[in-house]
There are 2 protein chains.
Amino acid sequence: MSGAPATIKDIARLLGISVSTVSRALKDHPDISADTKEKVNETARRLNYRPNALALGLKSSKSNTIGVIIPEIVHFFFSSVISGIEDAAYETGYNVMVCQTNEMYERETMVAKALLDHRVDGVLVSVAKTSTKFDHLTLLQDNGIPLVFFDRVCAFIETDAVVVDDYKGAYMASEHLISVGCRNIVHLSAPENLLIGKLRKVGYCRALEDNNLQVDPYNIYLCDTSEKVEEKIGRILDRHPRPDGFFAVNDSTAIAVIQHIKKAGLKVPEDIAVVGFGDGPVATICSPTLTTIEQNGYEIGYEAMRFLLDRINKGITAIVARKKVFAPVLVKRESTARRFENR
Amino acid sequence: MSGAPATIKDIARLLGISVSTVSRALKDHPDISADTKEKVNETARRLNYRPNALALGLKSSKSNTIGVIIPEIVHFFFSSVISGIEDAAYETGYNVMVCQTNEMYERETMVAKALLDHRVDGVLVSVAKTSTKFDHLTLLQDNGIPLVFFDRVCAFIETDAVVVDDYKGAYMASEHLISVGCRNIVHLSAPENLLIGKLRKVGYCRALEDNNLQVDPYNIYLCDTSEKVEEKIGRILDRHPRPDGFFAVNDSTAIAVIQHIKKAGLKVPEDIAVVGFGDGPVATICSPTLTTIEQNGYEIGYEAMRFLLDRINKGITAIVARKKVFAPVLVKRESTARRFENR
DNA sequence: AAAATTACTGCAAACGTTTGCGGTTTCGTT
DNA sequence: AACGAAACCGCAAACGTTTGCAGTAATTTT
């Protein structure tokens, strides 16, 4: 009852015919008589025969598996991406190997190699914060494994990418803060080696400049987690003049800021307005609800998978690098809901 | 540059030696001279040689891959579980295939077969809400693939399981509501075919009985998502006498309830106290913050993976079914923070 | 009745690895 | 000078599958 899975050989032995006949019968090959096919199929069913994907993969150099390299799974945006990838993969008969890097470069290189070992047909990757070298990714490409980036793109590698328009999103967020009267806006940013960190910062700067506000370098903090907010928020709120707006690089940072502002006895949005990035479920749960930039992880994952399938089917080199850029949407909520204060 | 991965044959051909020698050299076999080993290793490095896991798997009937069947990835608890599994797998050199069922029985059967096809070394599963037949899971066992359940256990299959003590958690939650003076407590429950749904309901009932409160069947609603809350909350709040406490089967349901109570002009916890289950990050972000039962997904995933590794190493039948039950912890927050009202 | 067709089926190689066994060298002993 | 033993190395089979080719039997054509 509980043994090794049945093979084509087992069927052949049981029926006293050759494995090639069994193989052809199972694939409904015209060479095989209806009678034999019937018998083979019946026996296959009875033994719960299932073709060995490793053998198939070895023979065809196709594993029907794709890899996903992702910084953190426990994260609304990233888990949404995986969900989109999963659904797209399921529809097309692919399996998904998920590898979490926990933002560590070393682990990223390890999992890239593991995916190569497994001869995955393609890899979707969002790079870790700490990754500055990318040999492990070009290694995949050099071995004929197509790559598609999502969200965290690596600028040094020429391939497809699926992202939201980080620059524009940041610009909209910052301009919205200006439009509700903020004049001293702090930006809590992600590291610059991440393209999203850089682009969102540039969007912030540009929005200020276009609205005749000075970009004060002291208003830009490297601060992209709630832990770092904990560390730095005290100093920031004590500054004179006190900032009147925050644009945080992601929602959880923004919410941490809101909580600390409230704890300090100040009011959001009256004293300080806050905007996040991502529009996760927390944005509607916190109080006040959070104005933020929508970023549809599911769609991003789904589209990235479509790109990858294209590359798998057409050959890795057949396509020039494409880019799918989702337009960001500003979702206005309570954390910026105040009357315009003209000066 | 961008071709098929190098094989042991390529190395053999390049060096004019046999594949067996190369294979042994790479494994540092004593039969092979230091000189040859040196040359082989150098060439392997130069060609970026990586052993083909499919070939290894075929030969050894071990894929070094485990499968995870999970209802929904975009879910704090489940993604935490995956994260724990991932980390434990990474430490032990396993890869993880993640399959999302979206709570659909049909999809669960499909992914189970796909995992069987890939000859995964074991499977971790949390069953879908709609699953009432489990042939697809016994199929795995019958093929020698060990199974371990986490959270959503299937009572009809004899194998290891890792869960929190749902009964006790529900008991604690309900008793806590009673202790802050609630006398008319509604339970929003999950379907009974889910063991967690059943156990949490029983815990609720028992807590009431033990405290000399009648269990009113009308106080138990099948309602385990925020959408269902939307549907049913109006009728519930209109009842006379109005409920003064809610014990929801999970946090997102609890928070949806809180939001609707507030919208109805009532106060939490003064008019109605609310307890959830899960202790996700939302519990500290919502307002009032949510009293809830802690459920450490990461630990559950990690431990489930340990169980599975045990079974993989010792053989599927060598172990009697074990159960790891995490003790639930009641985390008291604002949603039940009110003075005790003795009658 | 012989030849040609049709309808089936089997052999063997290949995918990339591992490994038991046997085969050559090369030495050191006597 | 001859022998045994190290020290190296290669052959071939096996894992489960597919597939070109060749083979055999039955049926049709001439």
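Note that the structure is predicted; figures quoted are calculated from it, not measured. Values below: all heavy atoms of this structure, side chains included; hydrogens, waters and symmetry mates excluded. Residue numbering restarts at 1 for every chain, and letters A, B, ... go by the order of the sequence lines.
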Colleague: Please identify which of these residues, R322(B), K323(B), K314(B), R306(B), meets the salt bridge (Lys or Arg N to Asp or Glu O under 4.0 Å) condition with D160(B).
Modeller: R322(B)
Colleague: Could you check whether atom CD of E91(A) has more than 12 heavy atoms from other residues, nucleotides or ligands sitting under 6.0 Å from it?
Modeller: yes
Colleague: If each of G16(B) and V19(A) is mapped to the nucleotide of DNA chain D with the nearest heavy atom, which maps nearer the 5' terminus, i.e. the 5' end?
Modeller: G16(B)
Colleague: Quickly work out the L116(A) CG to dG16(C) C1' distance and round it to whole Å.
Modeller: 14 Å
Colleague: Quick one, which residues of residues 38-49 of chain A touch DNA chain C with a heavy atom under 4.0 Å?
Modeller: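 Within this stretch, nothing sits under 4.0 Å of the strand.
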Colleague: Can R24(A) and D31(A) be counted as an ion pair, charged N to O under 4.0 angstrom?
Modeller: no
Colleague: Could you tell me whether the side chain of T130(B) and the main chain of E103(B) form a donor-acceptor pair under 3.5 Å?
Modeller: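 Yes, the answer is positive, given that a donor and an acceptor are paired below the 3.5 Å cut-off.
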Colleague: Please tabulate the protein-to-nucleotide N/O contacts below 3.5 Å involving nucleotides 25-27 of chain D, giving atom names and distances.
Modeller:
none

Colleague: Under 3.5 Å, side chain of S63(A) to main-chain N/O of R119(A), donor-acceptor pair present?
Modeller: yes
Colleague: Under 4.0 angstrom, heavy atoms only, what part of the nucleic acid is R50(B) near: base, sugar-phosphate, or nothing?
Modeller: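 Sugar-phosphate only.
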Colleague: Respond yes when some side-chain nitrogen or oxygen of S23(A) is under 4.0 Å from OP1 or OP2 of dT18(D), and no when none is.
Modeller: yes
Colleague: By the 4.0 Å heavy-atom rule, please label S20(B) as base, sugar-phosphate, or nothing.
Modeller: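 Base contact.
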Colleague: How close do A112(B) and L140(B) get, counting heavy atoms only, and between which atoms?
Modeller: O-CD2, 3.6 Å
Colleague: Do you know the tightest heavy-atom contact between V127(B) and V153(B)?
Modeller: CG2-O, 4.3 Å
Colleague: Side chains of Y298(B) and D87(B): donor-acceptor distance under 3.5 Å anywhere?
Modeller: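 Distance-only check passes for Y298(B) and D87(B).
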Colleague: How many Å lie between CG on L26(A) and C1' on dG16(D), as a whole number?
Modeller: 13 Å
Colleague: Rounded to whole angstroms, how far apart are CZ on R119(A) and P on dG16(C)?
Modeller: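 These atoms are roughly 9 Å apart.
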Colleague: Can you tell me how far apart CD1 (I85(A)) and CD1 (I300(A)) are? Round to the nearest 0.5 Å.
Modeller: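 Atom-to-atom, I85(A):CD1 and I300(A):CD1 are 10.5 Å apart.
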Colleague: Which label fits F156(A) and F134(A): parallel for a plane angle under 30°, tilted from 30 to 60°, or perpendicular past 60°?
Modeller: tilted
Colleague: When you measure from the side-chain N and O atoms of K9(A) to the phosphate of dT17(D), is any distance below 4.0 Å, counting only OP1 and OP2?
Modeller: no
Colleague: I8(A) CD1 to dC15(D) P: how many Å, rounded?
Modeller: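 Those two atoms, CD1 and P, are 14 Å apart.
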Colleague: May I ask you to check whether over 12 heavy atoms, not counting those of E158(B), lie within 6.0 Å of atom CD?
Modeller: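 No, not enclosed.
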Colleague: Mind calculating the distance between CG (L54(A)) and P (dG16(D)) to the nearest angstrom?
Modeller: 11 Å
Colleague: Hey, are S83(B) and S80(B) close enough side-chain-wise for a donor-acceptor pair under 3.5 Å?
Modeller: no
Colleague: Is the shortest side-chain heavy-atom distance between I312(A) and Y94(A) below 4.5 Å?
Modeller: yes
Colleague: Examine dG16(C): is either OP1 or OP2 under 4.0 Å from a nitrogen or oxygen in the side chain of K59(B)? Give yes or no.
Modeller: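 So the side-chain polar atoms of K59(B) never come under 4.0 Å of the phosphate oxygens OP1 or OP2 of dG16(C).
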Colleague: May I have the distance from K27(B) (atom NZ) to dT17(C) (atom P), rounded to whole angstrom?
Modeller: 10 Å
Colleague: Grab the CG-C1' distance between N52(A) and dC15(D) for me, whole Å please.
Modeller: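 Distance check: N52(A) CG to dC15(D) C1' gives 8 Å.
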Colleague: Are side-chain N/O atoms of S33(B) and T36(B) paired as donor and acceptor at under 3.5 Å?
Modeller: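 Yes - a donor-acceptor pair under 3.5 Å links their side chains.
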Colleague: Taking five pairs at each end of the helix from dA1(C)-dT30(D) to dT30(C)-dA1(D), what angle separates the two helix axes (nearest 10°)?
Modeller: 70°
Colleague: Could you go through nucleotides 7-9 of chain C and list every protein N or O atom that sits under 3.5 Å from one of its N or O atoms, giving the distance for each pair?
Modeller:
residue, atom, partner, partner atom, Å
dT9(C), OP1, T36(A), OG1, 2.8
dT9(C), OP2, S33(A), N, 3.3
dT9(C), OP2, S33(A), OG, 3.4
dT9(C), OP2, T36(A), OG1, 2.9
dT9(C), O4, D31(A), OD2, 3.3

Colleague: Measure the distance from CG on D10(A) to P on dT17(D) and round it to the nearest whole Å.
Modeller: 9 Å
Colleague: Using a cutoff of under 3.5 Å, can you pull out all pairs of nitrogen or oxygen atoms linking the protein to nucleotides 25-28 of chain C, with atom names and distances?
Modeller:
none

Colleague: Considering only residues two or more places apart or on different chains, which pairs with a residue in residues 57-93 of chain B satisfy ring-ring contact (aromatic ring centres under 6.0 Å, His included)?
Modeller: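 Passing the test, one end in residues 57-93 of chain B: H75(B)-F78(B).
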Colleague: Work out which heavy atom in H118(B) is nearest to a heavy atom in L54(A); give both atom names and the distance.
Modeller: O-CD1, 3.5 Å
Colleague: Would you classify T7(A) as touching base, sugar-phosphate or nothing, given that sugar-phosphate means primed atoms plus P, OP1 and OP2, and contacts are heavy atoms under 4.0 Å?
Modeller: sugar-phosphate
Colleague: For residues S131(A) and E108(A), is any side-chain donor paired with an opposing acceptor at under 3.5 Å?
Modeller: yes
